[in-house]
Amino acid sequence: MWFSENQAKRIGRITSDGEIHEFQIPTENASPVGLACGSDGAVWFVEIQGNKVGMITTEGQITEYEIPTKEACPHAITPGTEGELWFTGWGQNQIGRITMCGFISEYPIPTPNAEPHGIIIGSDNAVWFAEECNQIGKLSSN
C-alpha cells in the first residue's frame, strides 16, 4: 500500500509484512497529497505546495511535472478511462489532465471560487468533482 507524507515531502509504501519504505520527493515543500494508480503501473500523486504532478515507479524512481498555471494547488488525482489522470487545481479553480508522457491540459471551472477537491471518473466516463461551494461539478466532452 502506498501513502503520502504531506509534511515530510515523501511518498511511502508499506508491505503486507509491515515493512515501510520511504522515498524523498526532490521538490522542497512539495506537500504531496492525493495518490492514484496509473495505467503504467506507477503511482501518481499531486504536490499541493510544489505545484506539480509526480509519478513514482515501484522501484522508487520519482518524476515530477510542473503544472503550467502557477499556484494551482493540486489536491486530488484519479485515473481516467484512456490511460490519463485527472487532478483538481483548487487554488486556480480548474481541473487538470495529465498524460502518461507528462503533457498537461487545464480546464477552468465556470463557478467562481469553486475550490475543487475530490475527483473521480463516473460510470458515464465524465470527470466529476466536489466543489467547496456545496455543489458537484462535471466535465465531459458533451
Side-chain angles (χ1 to χ4, degrees), residues 1-109 111 113-142:
M1 179 174 75
W2 291 85
F3 55 92
S4 62
E5 295 181 51
N6 181 274
Q7 298 301 305
K9 76 172 192 150
R10 290 189 293 249
I11 298 296
R13 181 180 66 216
I14 186 168
T15 67
S16 57
D17 297 332
E19 187 177 342
I20 295 176
H21 302 271
E22 296 171 302
F23 305 93
Q24 197 74 30
I25 297 171
T27 298
E28 285 295 322
N29 302 317
S31 299
V33 282
L35 297 172
C37 293
S39 62
D40 57 354
V43 173
W44 291 72
F45 56 93
V46 290
E47 300 176 18
I48 197 166
Q49 295 296 325
N51 207 55
K52 296 178 182 179
V53 177
M55 183 271 296
I56 184 168
T57 65
T58 54
E59 295 81 27
Q61 181 181 357
I62 294 176
T63 304
E64 297 173 292
Y65 302 95
E66 184 84 29
I67 296 173
T69 300
K70 300 296 179 206
E71 299 179 13
C73 299
H75 189 269
I77 189 166
T78 193
T81 58
E82 298 176 9
E84 81 287 13
L85 293 107
W86 293 87
F87 60 93
T88 60
W90 70 263
Q92 293 297 330
N93 215 46
Q94 63 190 16
I95 299 298
R97 178 185 184 269
I98 186 166
T99 64
M100 291 291 113
C101 59
F103 179 77
I104 295 176
S105 304
E106 297 171 297
Y107 306 90
I109 297 171
T111 305
N113 304 312
E115 294 187 16
H117 279 62
I119 190 167
I120 195 164
I121 304 300
S123 59
D124 58 355
N125 292 329
V127 179
W128 292 85
F129 51 94
E131 298 178 7
E132 285 289 302
C133 59
N134 293 323
Q135 62 185 27
I136 302 295
K138 177 182 176 183
L139 176 67
S140 64
S141 58
N142 298 338

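Computed from a predicted model, the values in this text were never measured in an experiment.
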* Residues in side chain to side chain donor-acceptor pair (under 3.5 Å) with His117, at least two apart? ->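 Here no residue qualifies.
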* With sequence neighbours excluded, what pairs up with Glu106 under the side chain to side chain donor-acceptor pair (under 3.5 Å) test? -> Thr69, Gln94
Of the non-hydrogen atoms in [X] and [Y], which two are nearest, and what is the gap between them?
| X | Y | answer |
| --- | --- | --- |
| Ala126 | Trp128 | O-CD1, 3.4 Å |
| Ile62 | Pro26 | CG2-CD, 3.9 Å |
| Thr27 | Glu64 | OG1-OE2, 2.7 Å |
| Ile25 | Phe45 | CD1-CE1, 3.7 Å |
| Phe129 | Leu139 | CE2-N, 4.1 Å |

Do the non-hydrogen side-chain atoms of [X] and [Y] ever get within less than 4.5 Å of each other?
| X | Y | result |
| --- | --- | --- |
| Phe87 | Ile95 | no |
| Ile104 | Glu66 | no |
| Phe3 | Ile20 | yes |
| Ile11 | Leu35 | yes |

Hey, could you give me the [atom1]/[atom2] distance between [X] and [Y], rounded to the nearest 0.5 Å?
| X | Y | atom1 | atom2 | value |
| --- | --- | --- | --- | --- |
| Gln92 | Asn51 | CD | CG | 8.5 Å |
| Glu5 | Phe23 | CD | CZ | 11.0 Å |
| Gln49 | Glu28 | CD | CD | 12.5 Å |
| Asn93 | Thr111 | CG | OG1 | 7.5 Å |
| Ile56 | Ser4 | CD1 | OG | 11.5 Å |
| Ile136 | Glu131 | CD1 | CD | 7.5 Å |

* To do: Evaluate the criterion side-chain contact (heavy atoms from CB on, under 4.5 Å) for residue pair Glu47 and Ile67; output intermediate values, then yes/no.
  => CA-CA 10 Å; Glu47 300 176 18; Ile67 296 173; over 6 Å; no
* Is the number of heavy atoms from other residues, nucleotides or ligands within 6.0 Å of CD1 (Ile14) greater than 12? -> yes
Using residues 71-85 as the side-chain source, report each donor-acceptor pair under 3.5 Å to any protein atom, sequence neighbours left out, with the distance given to one decimal.
from, atom 1, to, atom 2, distance (Å)
Glu84, OE1, Glu82, N, 2.8
Glu84, OE2, Trp86, NE1, 2.8

* To do: Quick one: which residue pairs count as a salt bridge (Lys or Arg N to Asp or Glu O under 4.0 Å) with a foot in residues 114-130, not counting sequence neighbours?
  => Asp124-Lys138
* **All pairs passing salt bridge (Lys or Arg N to Asp or Glu O under 4.0 Å) where residues 13-25 contributes a residue, at least two apart** => Arg10-Glu22
* **Pairs where residues 29-44 contributes a residue and the test side chain to side chain donor-acceptor pair (under 3.5 Å) is met, not counting sequence neighbours** => Asp40-Trp44
* To do: Apply side-chain contact (heavy atoms from CB on, under 4.5 Å) to the pair Arg97 and Tyr107, showing each step before the final yes or no.
  => CA-CA 8 Å; Arg97 178 185 184 269; Tyr107 306 90; 4.1 Å; yes
